[in-house]
Amino acid sequence: RTIGSSSSSSSMLAELADVLCYRVLFFLDERSLGAVVTSSSHFLAYSADAALWQRLALVRDPRASEYAFSWLLAQGKVAGTPNWRGVCRWLNPNVAEPVWPEGTDDDATCADVSENDAAAVGSQRALPGRWDDLLNADGPEHNVELPEEVAEAVQVGRSGLWGGQSPHLFRLGPNRLLAVAGGYYAENTGGAEVRPLHDVILIDFPADPADRAAPHLTTLIPGHGVTREAHTRAFRNGELPNEGHPQIHGAASDLVPGGHRAIFFGGGAPHGQLTAATSVLALRPAPATPESAAAGDAAAGALQAEWEPLEMLGDTPSARQGARAVIFENLFVIFGGRERGGTCLNDMWEFDLDLDPGEPRMWRSVECEGRAPSPRVWANCCHATYGRWFVLGGSEWQFEETAEPHDYQTLYVFDLRSRQWSSLAEPGPGFTPPWVVASTLVPLGSRQVLYLGGSMPQRIGRAGLTAEAIEHWREWYARMDRPCLFDCKTGAWSAREATLGDLGAEVGNADLGLASANRRASEVLLRSHLSAVHMPERGSVVVLGGSRYFTGEYFHDMLELKLPSSCVESSAMAVPDSDDDSFMSVDDAVRADDELPNEMPVFMRGARGESTLTRGLRGRLRGMTRDGLLDVAQYRRILAM
């Protein structure tokens, strides 16, 4: 009676049935949904509705819209309707295709595979990736910026690419990254006083994945050179004279979905420079100017950045470095880290990001179920499948192997909904990745996770950084041309390989001719404390910065690991252009040996009687020049050696 006429009643009841059908479908995954639609013509009609798959994708992962646009770009389209059903598959590790697949006989026809690799293809060995340089800010052609009008060395180098130890790299969307530089130590080996860099840089890539032009850099917030006196004074006071977050090096961070804010907590070094501050790096469209109006579309995506402190009430996590963070459903969650004095932690804290005006923002300790990872610093974490946070590696920064059983090689997963720890893979009879600290875990879609770089301080030995020990420095770092891959569907680890393209072209000199692959792999691909993201629209993983702390080397560069799926159509998100010969050729891609020779770092022993500057050493000198520890003339003399 309240509904009205019988015709309107029937219409509303039919609409209610449609709503209920949609609600039922939202609880199903792709496999179950496929079974339902094949058994019912009524549900089959719903399955043809792109809006259903779009809603399913957004329910599964709020980042689905970003993946959808990447899907279009990966297929060479700048506009169009995304394949939302394909996006749903991409978000489900049980049905997604691997981004870095195993080799097959059919794949042997790829022109990108060299003769040496062709034999491996038939035996199901994975096709190799390829490393290339994107930008090397410390190469001979990218020295410290020296404007003629700049007189003080403290102002040198306030543009260009900066990375250093423990930078932060976020993917804002297709072909756009945000970088926040970390820090470096001025000492020749190791160090106690971390020196901040803190540059905030917008990185824009060409829209065409086949375009090999260098990405465009826009410095949103320049780093601030700190003089020796100011740094010493600040170090004694336990703070730093920098705007923005007090310590980027060692801070925990994550990007809020939507790409408008990045949250930072803590950071520093455990010998007097730690902070417990919480900050927001806010990104906003840049205001229109006559110059931007003249630029038109080229300036349409211009951004500006600003640091904002977050005032917290009540108890807070202790000041720490090397903690990790993830954002999930408006919660900023941190895990682990190392306190002042060196004590490592495995606690978890969280706070709400979106609150009503006037409501106090407070940290709260997270009560977890299950067996948590042991206390550790510089763990390796990623948010691959939405709602599941992967944690692996790290250590208590010990310089020798532990005789007791440990869990640093166990892959943990934290369910962000149920607040429960579990383990996906523990060391066993199959392939197990090494125990690595300060590497990076990179999600390749929802199915695979790439384990890249990192250091192994436990191999140094109790005696520390002696001359004899330093001869074995190559054994202290995980090779990035031999990464590891975890498959969330099969629950198994596997090894991967990558060849060297134009990577490290500056290595060597005219007398040596073409630098050996072993030397290039040693000088450029052994590093820890790096940051990396997967760019599906380019079919690659991009790496920013990193360091070799134990030999005093710090990198201000961007590398690109081109994935073999960019010529294999079995990967749904890959660039399916088998005619593109820019990925790899026999002539310009070589493979380093499985064993790298043990010897002193090249800049410590010289080469043919000459001092040789490595890329990482140039990076330290570049930072020291900006901070006034080297004057410009002295810096130039060193580069000319």
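FYI, side chains are in, hydrogens and waters are out, and symmetry mates aren't considered; it's all heavy atoms of this structure. Each residue takes its place number in the sequence, starting with 1.
In this structure, Asp593 contributes its side chain and Glu595 its backbone to no donor-acceptor pair below 3.5 Å. Not a single donor-acceptor pair under 3.5 Å links the side chain of Asp481 to the backbone N or O of Ala592. For Asp204 (side chain) and His216 (main-chain N/O), no donor-acceptor pair under 3.5 Å exists by modelled atom type. Looking at His534, its side chain never comes within 3.5 Å of a backbone N or O of Val541 through a donor-acceptor pair. Listed for the Arg620 side chain is a donor-acceptor partner under 3.5 Å among the backbone atoms of Gly552. Of the possible polar contacts, none joining the Asp133 side chain to the Leu135 backbone as a donor-acceptor pair under 3.5 Å is found. No side-chain donor-acceptor contact under 3.5 Å links Arg324 to the backbone of Ser253. A donor-acceptor pair under 3.5 Å is formed between the side chain of Ser166 and the backbone N or O of Gly250. Judged purely by atom type and a 3.5 angstrom limit, Trp100 has no side-chain atom pairing as donor or acceptor with the backbone of Leu450.
A salt bridge is defined here as a Lys NZ or Arg NE, NH1 or NH2 lying under 4.0 Å from an Asp or Glu carboxylate O, and Asp557 with Arg615 meets this definition. With respect to the salt-bridge test (charged N to carboxylate O, under 4.0 angstrom), the residues Arg538 and Glu560 qualify.
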Carefully, step by step, assess Trp397 and Phe550 under the rule ring-ring contact (aromatic ring centres under 6.0 Å, His included).
CA-CA 12 Å; Trp397 205 244; Phe550 301 114; 5.7 Å; yes

Working for side chain to side chain contact (heavy atoms under 4.5 Å, CB included), residues Ser528 and Ser547:
CA-CA 5 Å; Ser528 65; Ser547 69; 4.1 Å; yes

Residue pair Leu441, Leu392: steps toward the side chain to side chain contact (heavy atoms under 4.5 Å, CB included) verdict:
CA-CA 8 Å; Leu441 279 177; Leu392 175 66; 4.1 Å; yes

Step-by-step side chain to side chain contact (heavy atoms under 4.5 Å, CB included) determination, Asp132 to Leu503
CA-CA 5 Å; Asp132 288 307; Leu503 185 82; 5.7 Å; no

Evaluation steps, side chain to side chain donor-acceptor pair (under 3.5 Å), between Gln409 and Thr432
CA-CA 8 Å; Gln409 292 170 276; Thr432 299; 5.8 Å; no

Check step by step if side chain to side chain contact (heavy atoms under 4.5 Å, CB included) holds for Tyr184 and Gln165.
CA-CA 6 Å; Tyr184 74 98; Gln165 181 165 301; 5.8 Å; no

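Residues passing the side chain to side chain contact (heavy atoms under 4.5 Å, CB included) test with Ala478 are Val436, Met456, sequence neighbours excluded. Taking the salt bridge (Lys or Arg N to Asp or Glu O under 4.0 Å) definition, one finds that Asp594 meets it with Arg482, Arg591, sequence neighbours left out. Looking at residues two or more places apart in sequence or on another chain, you find a side chain to side chain contact (heavy atoms under 4.5 Å, CB included) between Ala262 and Phe170, Leu255, Phe264, Leu281. Residues satisfying the salt bridge (Lys or Arg N to Asp or Glu O under 4.0 Å) test with Asp254, not counting sequence neighbours, are none. Every residue two or more places apart in sequence or in another chain that forms a ring pair (Phe, Tyr, Trp, His ring centres under 6.0 Å) with Phe335 is listed here: Trp421. By the ring pair (Phe, Tyr, Trp, His ring centres under 6.0 Å) test, His383 pairs with Tyr386, sequence neighbours left out. Shown here are the side chain to side chain contact (heavy atoms under 4.5 Å, CB included) partners of Thr385, two or more places apart in sequence or in another chain: Pro93, Arg388, Ser446. His249 meets the ring pair (Phe, Tyr, Trp, His ring centres under 6.0 Å) test with Tyr185, Trp378; sequence neighbours excluded. Remark: Ala181 pairs with Trp162, Leu197, Asp199 by the side chain to side chain contact (heavy atoms under 4.5 Å, CB included) rule, at least two apart or across chains. Scored by the ring pair (Phe, Tyr, Trp, His ring centres under 6.0 Å) test, Trp493 finds Tyr451, Phe486 as partners (sequence neighbours excluded).
Side-chain contact check for Glu401 versus Trp435: some heavy-atom pair is nearer than 4.5 Å. Between Glu102 and Arg496 there is a side-chain heavy-atom pair separated by less than 4.5 Å. Taking 4.5 Å as the limit, some side-chain heavy atom of Val449 sits within range of a side-chain heavy atom of Cys382. The side-chain heavy atoms of Arg520 and Val590, taken from C-beta on, include a pair separated by under 4.5 Å. The shortest side-chain heavy-atom distance between Val391 and Phe414 does not fall under the 4.5 Å cut-off. Using a 4.5 Å heavy-atom cutoff, the side chains of Leu178 and Val200 are in contact. A heavy-atom distance below 4.5 Å is found between the side chains of Leu172 and Leu283. Between Leu526 and Arg474 the shortest side-chain heavy-atom distance falls below 4.5 Å.
Note: Leu530 CG to Leu452 CG = 6.0 Å, rounded to the nearest 0.5 Å. How far CG of Leu544 is from CD1 of Ile203: 6.0 Å, rounded to the nearest 0.5 Å. In this structure, the separation between CD on Gln448 and SG on Cys488 is 8.5 Å, given to the nearest 0.5 Å. Here the CD-CH2 distance, from Glu97 to Trp90, works out to 10.5 Å after rounding to the nearest 0.5 Å. Put simply, CG on Leu424 and OG1 on Thr410 are 10.5 Å apart, with the number rounded to the nearest 0.5 Å. Atom CG of Leu127 sits about 11.0 Å away from atom OG1 of Thr499, to the nearest 0.5 Å.
For Arg171 against Leu177, the heavy-atom pair with the smallest separation is CA-CD2, 3.7 Å. Contact between Val542 and Met535 at its shortest, heavy atoms only, is CG2-SD, 3.5 Å. Closest heavy-atom contact between Pro457 and Val437: CD-CG2, 3.9 Å. Annotation for Ala57 and Cys88: closest pair N-SG, 3.6 Å, computed over non-hydrogen atoms. Nearest heavy-atom pair, Phe205 versus Leu134, reported as atom, atom and distance to 0.1 Å: CE2-CD1, 3.7 Å. Of all heavy-atom pairs spanning Leu169 and Ala532, the tightest one is CD2-CA, 4.2 Å.
Using modelled atom types and a 3.5 Å distance limit, the side chains of Arg376 and Ser395 yield no donor-acceptor pair. Looking only at atom types and distance, the side chain of Ser531 has no donor-acceptor partner in the side chain of His168 under 3.5 Å away.
Here salt bridge (charged side-chain N to carboxylate O under 4.0 Å, His left out) pairs that include residues 544-556, with residues two or more places apart or in two chains, are Glu523-Arg548, Arg548-Glu553. Judged as a salt bridge (charged side-chain N to carboxylate O under 4.0 Å, His left out), the pairs with a partner in residues 432-448 (not counting sequence neighbours) are, in order, Arg447-Asp487.
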